[in-house]
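For reference, the structure is listed below as structure tokens.
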Amino acid sequence: MGGRVGALSGREKNPGRSLIVPANHWYDAAGLTPVKLIQNYINGKFVSAKSRFSDINPADGSVIAEVTEADKNNVDDAVQVARGALRGEWSRFGVRERAALLHRVADTIEKHFDCFVAAEVADTGKPVSLAAKLDVPRAAANFRVFADLIKTAGIESFHTETPDGKNALNYALRKPLGVVGIITPWNLPLLLLTWKVAPALACGNAVVAKPSEETPATATLLAESMKEAGLPDGVYNVVHGFGPNSAGEFLTRHPDVNAVTFTGESATGAEIMKTAAASVKPVSFELGGKNAAIVFEDCDFEETVRGIKDAVFLNTGQVCLCAERVYVQAKIFDRFVHALKQMAEGLRLGAPMENATDLGPLISSQHREKVLSYYQLARDEGATTVTGGSVPQFGNSLDKGFYVQPTIYTGLAETARCVKEEIFGPVCHVAPFDSEEEAVSKANDTKYGLAASIWTSDLKRGHRVARQMNVGITWVNCWFLRDLRTPFGGVGFSGIGREGGMHSLNFYSELNNVCIRL
Ligand code: NAD
Ligand code: 6OH
């Protein structure tokens, strides 16, 4: 990698900032003419395909690049080379070598930090400050954490004494699953991809990744990091395309893919489960949410308002963990709504590459239609609009982007669709409650169960309420504060299984128990 000021669209709008864009797939052989072509990566090489689709910059609707859509043969090639790689040089990498390699991948991500940030910002429209603070550092951290963990992960062992007097030693061997299919969404593209790639490689698997069609760039850049770090060809492969009848389905249906790990919408998870069922593949699913925040009257008010502002609006509300339902104890309800409204109105919507920007656009025109249809529905369902509810006007090229106003509603019934369905935008409904019991009951009244946050100065209450939350992750007086060793996942429609720390290592490996008669 290396390169020069390049083809990413943020550049034109922000001439002051130099973006380093890698040569390989962004430029032709002379390294000068932008080819703006993002290709599949199979067996250590960039591979083209006949069918193409456009990678759109959500900040102004411009085309960033053309992307080659993998056909069935490309996906099959990727799976077969991954299978082959499992038998080759990669199989001779011991734990220490794999860990060292993962650290080198993290090093290359850090070395090409600006490049990854620029690519992520261009694809997603997220503010450069967020990509630089969250997405790219977390990608490097994902590799480092699993590099360190695999080195120290113990194996289960038991000294066995049977009732009839036999003695044995049992111990479990950790082996790779084989070829892992990885399907990821567009909201935190590199973060969520590496959250799966890193433990999969730590366990010795080979992977075929299918990033979202909306955000193909950083998965492709990662291929270059893998190469630079010395990963044998065929161990990390990328196929681009869509879901049904495209690369996503071809990958999940493929009989030689041993497991599927997926992050995305619950309905997509259900489809993938059906497809993967034919060959009895293990699945790990991180799906949608309709997360609640519960704000008690004894909370640290200022800190809580700031925390809820992040929980609702970070990444333009496009984080699976975002709070779309905020329950506030009646005594502080009016004051809280007013303070959150001021916070929302203080958020600076703008060009993603500007350092001062707090909120970028939504990912696509189609997603904006969805979010705006919920804004309309909220009004139809009788909501009071505290702030927002519409599309901002900039008077420049950003008007062609997919922006919406940060929005707060009150006054909806708990049965309203806007209180029940995941919107995935910068929007929340704030409702009052009287008792702790009522808040818990309302928060848990959902088919989802990903995350919850509880805001209180009473630590006993924090523990008590956390225990009653029907979710995979509960935060007390914080939100999205991550320790990568902890179990991460959801209940109900929010997912199957847990990833994080040993939970990831256990999903990405087969345990083979050995019993030795003593
Ligand atoms: P999505 O489900 O539409 O797409 C995710 C990925 O699945 C994409 O790569 C897509 O091409 C692929 N895909 C779609 N249909 C497929 C099929 N039939 N077979 C195989 N692959 C298929 O999700 P999205 O719109 O990209 O992301 C937003 C959703 O993801 C939200 O619901 C959000 O809550 C969820 N999400 C969950 C988490 C979590 O950790 N729980 C994290 C991020 C996003
Ligand atoms: C969803 O949009 C965010 C998921 C976050 C993680 O998977 C993580 O590991 O922090």
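Position 1 is the first residue of the sequence, and the numbers go up from there. As the structure lists them, so they are numbered: ligands from 1, and atoms in each ligand from 1.
- Residue contact check: F480 has heavy atoms under 4.0 Å from atoms 10 (O) of ligand 2.
- Side-chain atoms of N291 come within 3.5 Å of backbone N or O of L321 as a donor-acceptor pair.
- Of all the atoms in ligand 1, the ones that sit under 4.0 Å from a non-hydrogen atom of G243 are 11 (O), 13 (N), 14 (C), 15 (N), 16 (C), 17 (C), 21 (N), 22 (C).
- Ligand 1 has S212 within reach: a non-hydrogen atom of the residue lies less than 4.0 Å from it.
- Rounded to the nearest 0.5 Å, atoms CZ (F488) and CG (D483) are 12.5 Å apart.
- Looking only at protein heavy atoms, the nearest one to atom 41 (N) of ligand 1 is L287 O, 2.5 Å.
- Of the protein's non-hydrogen atoms, the one nearest atom 24 (P) of ligand 1 is W186 NE1, 3.3 Å.
- Under a 4.0 Å criterion applied to the non-hydrogen atoms of R482, ligand 2 contributes the atoms 8 (C), 9 (O), 10 (O).
- In this structure, the protein non-hydrogen atom closest to atom 28 (C) of ligand 1 is F424 CE2, 3.6 Å.
- Using a 4.0 angstrom heavy-atom cutoff, E499 does not count as in contact with ligand 2.
- Counting heavy atoms from C-beta on, the side chains of V430 and I308 never come closer than 4.5 Å.
- Once rounded to the nearest 0.5 Å, the distance linking CG of L192 with SG of C320 reads 7.0 Å.
- Per-residue contacts place N187 under 4.0 angstrom from the following atoms of ligand 2 (heavy atoms of the residue considered): 1 (C), 2 (O).
- Those atoms of ligand 1 that come under 4.0 Å of a heavy atom in L192, given as number and element, are 42 (C), 43 (C).
- Side-chain atoms of S212 come within 3.5 Å of backbone N or O of E214 as a donor-acceptor pair.
- Atoms of ligand 1 lying under 4.0 Å from any heavy atom of K210, numbered from 1 in the order shown and given with element: 8 (C), 9 (O), 10 (C), 11 (O).
- In terms of polar-atom proximity, T263 is not counted as a contact of ligand 1, lacking any N or O under 3.5 Å from an N or O of the ligand.
- Listed by number with element, the atoms of ligand 1 under 4.0 Å from a non-hydrogen atom of G248 are 19 (N), 20 (C), 21 (N).
- Applying the 4.0 Å criterion to heavy atoms of I272 picks out, from ligand 1, the atoms 19 (N), 20 (C), 21 (N).
- The closest approach between any non-hydrogen atom of F285 and ligand 1 is not below 4.0 Å.
- Heavy-atom minimum distance, T215 versus P185: OG1-O, 4.0 Å.
- Contact check for R83 versus N258: side-chain heavy atoms found under the 4.5 Å cut-off.
- Ring geometry for Y375 against Y409 counts as perpendicular: the plane angle is over 60°, on a 0 to 90° scale with 30° as the lower cut.
- Summary of contacts: the protein heavy atom closest to atom 36 (N) of ligand 1 is C320 CB, 3.6 Å.
- Residues T261 and E499 have side chains that bring a donor and an acceptor to within less than 3.5 angstrom of each other.
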* side-chain hydrogen bond (donor to acceptor under 3.5 Å, both in side chains) between T275 and E249: does it pass, once the steps are laid out? -> CA-CA 8 Å; T275 312; E249 185 184 333; 5.5 Å; no
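- Results of the salt bridge (Lys or Arg N to Asp or Glu O under 4.0 Å) test with K290 over E422, E414, E421, E324 single out E324 as the only residue that passes.
- The nearest pair of heavy atoms linking H240 to T68 is CB-O, 3.3 Å.
- Residue contact check for ligand 1: P244 places a non-hydrogen atom closer than 4.0 Å to it.
- Heavy-atom contacts of E286 reach the following atoms of ligand 2: 7 (O) (cutoff under 4.0 Å).
- There is no protein heavy atom less than 4.0 angstrom from atom 4 (O) of ligand 1.
- Nearest heavy-atom pair across N315 and V319 is CB-CG2, 3.6 Å.
- A donor-acceptor pair under 3.5 Å is formed between the side chain of K126 and the backbone N or O of N187.
- Applying the 4.0 Å criterion to heavy atoms of V319 picks out, from ligand 2, the atoms 1 (C), 2 (O), 3 (C).
- Scanning the protein for heavy atoms near atom 2 (O) of ligand 1, the closest one is T268 OG1, 2.7 Å.
- Listed by atom number, the atoms of ligand 1 under 4.0 Å from I183 heavy atoms are 6 (C), 7 (O), 9 (O), 12 (C), 20 (C), 21 (N).
- Between Q376 and R379, the side chains place a donor N or O and an acceptor N or O closer than 3.5 Å (distance only, hydrogens not considered).
- Note: no N/O pair closer than 3.5 Å links Q318 and ligand 2 by distance alone.
- For atom 32 (O) of ligand 1, the closest non-hydrogen atom of the protein is E422 OE1, 2.6 Å.
- Within ligand 1, the atoms closer than 4.0 Å to a non-hydrogen atom of F242 are 11 (O), numbered from 1 in the order shown.
- Without hydrogens or angle criteria, R417 side chain to L377 main chain gives no donor-acceptor distance under 3.5 Å.
- Under a 4.0 Å criterion applied to the non-hydrogen atoms of R138, ligand 2 contributes the atoms 8 (C), 9 (O), 10 (O).
- Distance alone, capped at 3.5 Å, places no donor-acceptor pair between the S494 side chain and the G492 backbone.
- Between the CH2 atom of W455 and the CH2 atom of W479 there is a distance of 9.5 Å, given to the nearest 0.5 Å.
- With F493 as the aromatic partner, K447 meets the cation-pi criteria of under 6.0 angstrom to the ring centre and within 45 degrees of the ring axis.
- Distance from atom 8 (C) of ligand 1 to its nearest protein heavy atom, with residue and atom name: T184 O, 3.4 Å.
- Using a 4.0 Å cut-off to heavy atoms of L192, the atoms of ligand 2 that qualify are 4 (C), 5 (C), 6 (C), 7 (O).
- A donor-acceptor pair under 3.5 Å links the side-chain atoms of R325 to the main chain of K442, judged by distance alone.
- In this structure, atom 44 (C) of ligand 1 lies nearest to the protein heavy atom N187 ND2, 3.5 Å.
- Aromatic rings of W186 and F424 (six-membered ring for Trp) have centroids within the 6.0 Å cut-off, being under it.
- At a heavy-atom distance under 4.0 Å, only side-chain atoms of E213, from C-beta outward, approach ligand 1.
- Among protein heavy atoms, atom 1 (C) of ligand 2 sits closest to C320 SG, 2.2 Å.
- The residue L484 has no part lying near ligand 2, judged by heavy-atom distances below 4.0 Å.
- Note on ligand 1: A247 sits outside its first shell, no heavy atom being nearer than 4.0 Å.
- Set against the non-hydrogen atoms of F262, the atoms of ligand 1 under 4.0 Å away are 2 (O), 5 (C), 6 (C), 7 (O).
- Residue G264 holds the heavy atom nearest to atom 30 (O) of ligand 1 of all those in G269, S266, G264, G489.
- Here the protein heavy atom with the shortest distance to atom 5 (C) of ligand 2 is F488 CZ, 3.5 Å.
- Counting heavy atoms closer than 4.0 Å to ligand 1, residue A267 contributes nothing at all.
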